[in-house]
Amino acid sequence: MNVLHVDENHPLLIDNLSHAGFKNTEAYSKTLNEVLEMVDQFEGLIIRSRFPINRDFLNRATKLKFIGRVGAGVENIDQKTAQEKGIKLFAAPTGNSNAVGEHTLGLLLSLFNKLHLGNQSIREGNWLREEHRGLELEEKTIGIIGFGTMGKSFAKKLEGFDVKRVVFHDILSINSTKNASQVSLEELQESADVLSIHTPQTPLTIGMIDEKFISKMKNNFWLLNTARGSIVKTKALVEGLRNGNILGSGLDVLEYESTSFENIFLTQQDNPDFSYLMNAKNVLLSPHVAGWTIESHRKLAQIIAEKITSSFNPNHYNIK
């Protein structure tokens, strides 16, 4: 089987596929139009986020049998059309779940202890102790929305911090764990001091954290989002930060992200809400790297290779 790689990944992925008998073609620098002209030659496609795999793309990929998305979700793929055409979709949510859990905890601890502000202050020649007095996680209630691999990972990282309670809400009925209890959305909004988002991007979750949602939170709270930027309405977030309903926010993702993430600074330069986030002292930002560690880079490649070779290689070749 011929496999087209349009995004560069850990070399382990190509090595393992080659070892299993797949023929790999790298197209990392080719444009979308160039890829569309050649995609009908391939049975397999490996992507991250460079191109949206829409209906037109899939209609041109006449031989395609599978798509491997080296990441947690497949929202950039037209899943309905893929299913109609019998194209299997592979993702690797467990590949970076530990990284996301650690990053989320890091955002929270940094916000609570004002680490980013203290570091900047010292570098500017100031030694301001009272201004950087922090908070403790002890006796705080942590609310998690979305309790898949990412939400579970974050909950696990909270063990040992003597939090009051970890509660989660999910549209699926999920068994409560030793470190987290499933509750209704209303109960979560009634009790949470910290809200962490770990849902996939779906029609149900896009714009979920809006003015109405925030107004239903009983406590002034801290908001963390390491999931998808589209889930949090930035205008509502900024209003919540302005009026104190939201005490601070740690954001690894932004509503304004596009395929070319760096263009955000050009496309949003006249957006007052974006400018507010850029300058707010109680907002901590990272460039969509929660799941982007040295270790997850390898794990993601390994998992995708295993899924593909298990499904399309009846001999189940040994992989590295």
Query raised in the report: Quick one: do R55 and E84 make a salt bridge, cutoff under 4.0 Å?
Result: yes
Query raised in the report: Does a donor on one side chain and an acceptor on the other come within less than 3.5 Å for E255 and S230?
Result: no
Report task. Determine whether more than 12 heavy atoms belonging to other residues, nucleotides or ligands lie under 6.0 Å from atom CD of Q83. Result -> no
Query raised in the report: Donor-acceptor pair, E257 side chain versus L254 backbone, under 3.5 Å?
Result: yes
Query raised in the report: Donor-acceptor pair, N126 side chain versus I122 backbone, under 3.5 Å?
Result: no
Requested in this report: Could you tell me whether a side-chain N or O of S311 sits under 3.5 Å from a main-chain N or O of I308, the two making a donor and an acceptor?
Outcome: no
Query raised in the report: More than 12 heavy atoms of other residues, nucleotides or ligands under 6.0 Å from NZ of K157: is that the case?
Result: yes
Query raised in the report: What residues form a side-chain contact (heavy atoms from CB on, under 4.5 Å) with N271, not counting sequence neighbours?
Result: Y256, Q268, D273, F274
Query - Beyond-backbone contact of T293 with N98, side-chain heavy atoms, under 4.5 angstrom - result: no
Query - Pair D40, T62: side-chain N/O donor-acceptor within cut-off below 3.5 Å - result: no
Query raised in the report: Ion pair present between E75 and R228, side-chain N to carboxylate O less than 4.0 angstrom?
Result: yes
Requested in this report: Using a strict 4.0 Å threshold on nitrogen-to-oxygen distance, state whether E239 and R242 make a salt bridge.
Outcome: no
Query raised in the report: Which pairs count as ring-ring contact (aromatic ring centres under 6.0 Å, His included) when at least one residue sits in residues 155-204, sequence neighbours excluded?
Result: F147-F168, F154-H198
Query raised in the report: Between V100 and S153, does a side chain to side chain contact (heavy atoms under 4.5 Å, CB included) hold up when you go through it step by step?
Result: CA-CA 8 Å; V100 171; S153 177; 5.9 Å; no
Report task. State, without any angle test, whether N54 and D56 hold a side-chain donor-acceptor pair at a distance under 3.5 Å. Result -> no
Query raised in the report: Are T177 and N179 close enough that a side-chain donor and a side-chain acceptor fall under 3.5 Å?
Result: yes
Query raised in the report: Within the distance-only criterion (no hydrogens, no angle test), does the side chain of S184 pair as donor or acceptor with the backbone N or O of E187 below 3.5 angstrom?
Result: yes
Query raised in the report: Counting heavy atoms not belonging to K156, are there more than 12 under 6.0 Å from its NZ?
Result: no
Report task. Examine F57 together with F51 and report whether their ring centres are nearer than 6.0 Å. Result -> no
**Report entry** Ion pair K164/E136, N-O distance below 4.0 Å
**Finding:** no
Query - Contacts of type side-chain contact (heavy atoms from CB on, under 4.5 Å), residue L172, not counting sequence neighbours - result: D170, I174
